[in-house]
Q: 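The structure is given below, and queries will be raised subsequently.
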Protein chains: 2
Amino acid sequence: MKAQSLHGHLDALLLAVLERGALHGYAIIEALRARSDGSLDLPTGTIYPALRRLERAGHVVSSWSTVNGRERRTYELTDSGRRALAVQRQGWHEFSATVGRFLGPDTPPATPV
Amino acid sequence: MKAQSLHGHLDALLLAVLERGALHGYAIIEALRARSDGSLDLPTGTIYPALRRLERAGHVVSSWSTVNGRERRTYELTDSGRRALAVQRQGWHEFSATVGRFLGPDTPPATPV
DNA sequence: ACCGACAAGTAGCCTAGCTACGTATGAAGG
DNA sequence: CCTTCATACGTAGCTAGGCTACTTGTCGGT
């Protein structure tokens, strides 16, 4: 999948991933990849700055820890983050419904086997 | 709706609108607004450059005409444009399914009154 | 005479994701 | 022992593409 399609929706994805529990950056990347069956394979240059943005915005808080001699920065959703997620989710549904109205109907229902 | 969410999906929208028949720029803007119940109200500074892009890419062709003393540039889908639309549609469905997997499930079905 | 709808367009800005780097540790393999 | 790969963090600079703000022009109504 073209990653740049994400424009404007990445924050929502990150918040959604963190909704299930705190994770560190690298694990977030893996979670996105896993839960999307590999179609979302985002580079660190995308994720790390995005997490900083979310932290600056107060939607997540981070804390350092060392696991197996490796430094980890773990991110956790704040209340503000949870509220933001709700808003983003709402926004996503409106957006996808609207675009779907233009692109949806004509898709062949399925190309069965 | 936040318009910047469109990033990367505008071309598909334009092709989809033109799929139903040739239109001139201004009419395209109105069609988008009408078919989205007003939630897609895009400025000319977004539409006109995008149409030029599509024309450069060979997905549409334009022709000038004068109606009531007003110059109109009417855009029409090419075969290449139709193929591109099919691809974009496919891409949209993958994209929305993937993002939906993260943002979809938890939306309250409705907040009744 | 003037204003609003119709109709087209451009220059320059800004957001935000991507490319391509750089750093460092631990485990595995030769 | 040394290399390589997975883990883990990060940044600088590029770029795409939609937006703001503006310009030009006709026509119809007041």
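Here is how names work: the chains are called A, B, and so on, in the same order as the sequence lines, proteins then strands, and each is numbered from 1.
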Q: Whether His24(B) contacts dA7(C) is assessed here as follows: a side-chain N or O lying under 4.0 Å from the phosphate OP1 or OP2. Is that the case?
A: yes
Q: Nearest to the side chain of Leu42(B), heavy atoms from C-beta on, is which of dC19(D), dA6(D), dT19(C)?
A: dC19(D)
Q: Looking at the side chain of Arg70(A), which of dT25(C), dA7(C), dT20(D) is the nearest nucleotide?
A: dT25(C)
Q: dC18(C) P sits how many Å from His7(A) NE2, rounded?
A: 8 Å
Q: Please step through side chain to side chain contact (heavy atoms under 4.5 Å, CB included) for the pair Leu40(B) and Val99(A), ending with a clear verdict.
A: CA-CA 9 Å; Leu40(B) 281 178; Val99(A) 177; 5.7 Å; no
Q: Describe, in one word, how the ring planes of His9(B) and Phe95(B) are oriented to each other, choosing from parallel (under 30°), tilted (30 to 60°) and perpendicular (over 60°).
A: tilted
Q: Taking CG from Leu6(A) and P from dT19(C), how many angstroms apart are they, rounded to a whole number?
A: 12 Å
Q: I'd like to know if Leu14(A) and Val61(A) are part of one continuous hydrophobic network [Ile/Leu/Val/Met/Phe/Trp/Tyr, side-chain heavy atoms within less than 4.5 Å].
A: no
Q: Measure from CD1 on Ile29(B) to C1' on dG9(C) and round the result to the nearest Å.
A: 11 Å
Q: Rounding to a whole Å, what distance do you find between Ile47(B):CD1 and dG9(C):P?
A: 12 Å
Q: Could you go step by step and tell me if Leu42(A) and Leu13(A) meet the side chain to side chain contact (heavy atoms under 4.5 Å, CB included) rule?
A: CA-CA 12 Å; Leu42(A) 306 181; Leu13(A) 286 179; 5.6 Å; no
Q: I need the CZ-C1' distance between Arg53(A) and dA16(C), as an integer number of Å.
A: 6 Å
Q: Would you tabulate the pairs of protein nitrogen or oxygen atoms and nucleotide nitrogen or oxygen atoms of nucleotides 11-14 of chain D closer than 3.5 angstrom?
A:
{"residue": "dT11(D)", "atom": "OP1", "partner": "Arg52(A)", "partner atom": "NH2", "Å": "3.2"}

Q: Using atom CG of Asn68(A) as one end and atom P of dG26(C) as the other, report the distance to the nearest whole Å.
A: 8 Å
Q: Evaluate side chain to side chain contact (heavy atoms under 4.5 Å, CB included) for Gln88(A) paired with His59(A), printing each intermediate quantity in order.
A: CA-CA 12 Å; Gln88(A) 302 261 30; His59(A) 297 329; over 6 Å; no
Q: Could you pick out which residue, Ala27(B) or Gly69(A), lies toward the 5' side of DNA chain C when each is mapped onto its nearest nucleotide?
A: Ala27(B)
Q: Looking for any heavy atom pair under 4.0 Å, which part of the strands does Arg73(A) touch: base, sugar-phosphate only, or nothing?
A: sugar-phosphate
Q: Which atoms form the tightest heavy-atom contact between Thr78(A) and Gly58(A), and what is the distance?
A: OG1-O, 2.7 Å
Q: Taking the side chain of Arg72(B) as its heavy atoms from C-beta onward, which of dA8(C), dG10(D), dT19(C) lies nearest to it?
A: dA8(C)
Q: Restricting to side-chain hydrogen bond (donor to acceptor under 3.5 Å, both in side chains), what partner residues turn up for Glu71(A), sequence neighbours left out?
A: Thr66(A)
Q: Could you label the plane-to-plane angle of the His24(A) and Tyr26(A) rings as parallel, tilted or perpendicular, counting under 30° as parallel and over 60° as perpendicular?
A: parallel
Q: Using a 3.5 Å limit on both pairing distances, list the dot-bracket string of DNA chain D from the 5' end; Watson-Crick and G-U wobble pairs count, crossing pairs take [ ], interstrand pairs take |.
A: ||||||||||||||||||||||||||||||
Q: To the nearest Å, how far apart are Leu13(A) CG and dA16(C) P?
A: 14 Å
Q: Using whole Å, what does the distance between atom C1' of nucleotide dA16(C) and atom NE2 of His9(B) come to?
A: 14 Å
Q: Against Asp11(A), only a single residue in Leu85(A), Leu54(A), Leu6(A) fulfils side chain to side chain contact (heavy atoms under 4.5 Å, CB included); can you say which?
A: Leu54(A)
Q: Measure from the side chain of Tyr26(A), starting at C-beta and using heavy atoms only, and say which of dT7(D), dC6(C), dG17(C) lies closest.
A: dT7(D)
Q: Does Arg89(A) form a side chain to side chain contact (heavy atoms under 4.5 Å, CB included) with Phe102(B)? I'd like the steps, not just the answer.
A: CA-CA 9 Å; Arg89(A) 234 194 282 261; Phe102(B) 289 88; over 6 Å; no
Q: So if I take every side-chain heavy atom of Trp64(B) and compare against dG18(D), dT7(D), dA8(C), which nucleotide ends up nearest?
A: dA8(C)
